[in-house]
Amino acid sequence: MLNIVIFGAPGSGKGTQSELIIKEFGLDHISTGDVLRAELKAESELGKIANDYITKGQLVPDELIIDMLAKVLDSKKVSKGVIFDGFPRTIPQAEALKKMLNERGTDVTLMINLHVDEEELINRLLERGKRSGRSDDNIDTIKSRLEVYHSQTAPLAEYYIKEGKHHAIEGVGTIEDIFGLIKEQINATING
Ligand code: AMP
């Protein structure tokens, strides 16, 4: 199995690069943000609870997210592996992911950390906000999301460094060039 955690601040290009990785390596895609937005659209209980956090730019509580991820994972017939996009975002989520994958006889293969500077992130998210219709792509929520990223999510890099799975990639340039670097890293890890 090839299980990839795609990591980075909001606006770093996780979703865009995930699509290219999926095409190239035939992986399943789990984006917790997408799952939450689908729950919201379906007006489920989880969707309603999550919406309060999403519109404030805060993280949905770990236990809700971990439980949701386990259900999504069980509902998929994964063959080659999964790309985890927007999960984990906290240390408890990373520990839960490891446990879940270990129980299924697999593990995280590598973590790709996309680096993009703050000004570029804000510009990209504001630009996306014009098209996405997302309630959280506005300047106030973007600022909260970036703060939450720095305080709660960025420390996860250390966790994956300790696991020997962390790979930093410069996330600025053309989509194809960035993907080229990612592909190289994935192939280097596979062929280890
Ligand atoms: P995203 O589409 O990944 O930018 O996620 C949008 C919003 O969904 C985030 O700002 C959080 O409110 C929520 N969310 C998505 N994934 C997670 C997660 N792994 N843990 C907690 N909250 C999450």
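Positions are given from 1, in the same order as the sequence printed here. Order of listing sets the numbers, starting from 1, for every ligand and every atom in it.
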Applying salt bridge (charged side-chain N to carboxylate O under 4.0 Å, His left out) between Asp137 and each of Lys143, Lys130, Arg145, report the one that passes.
Arg145
Output every pair passing side-chain hydrogen bond (donor to acceptor under 3.5 Å, both in side chains) with a member in residues 42-59, not counting sequence neighbours, ordered by first then second residue.
Glu39-Ser44
What residues sit with at least one heavy atom under 4.0 Å from ligand 1?
Thr32, Gly33, Leu36, Arg37, Ile54, Gln58, Leu59, Val60, Ile65, Gly86, Phe87, Arg89, Gln93, Arg134, Asp136, Arg145
Specify the closest pair of heavy atoms between Leu121 and Ala9, including all atoms of both residues, with the distance to one decimal.
CD1-CB, 3.5 Å
Taking all atoms of both residues into account, what is the closest heavy-atom pair of Thr109 and Lys165, and its distance?
O-CG, 3.9 Å
Taking all heavy atoms of Tyr160 and all of Val5, pick out the closest pair and write down the distance.
OH-CG2, 4.0 Å
Distance-only, no hydrogens or angles: does the Asn3 side chain make a donor-acceptor pair with backbone N or O of Val82 under 3.5 Å?
yes
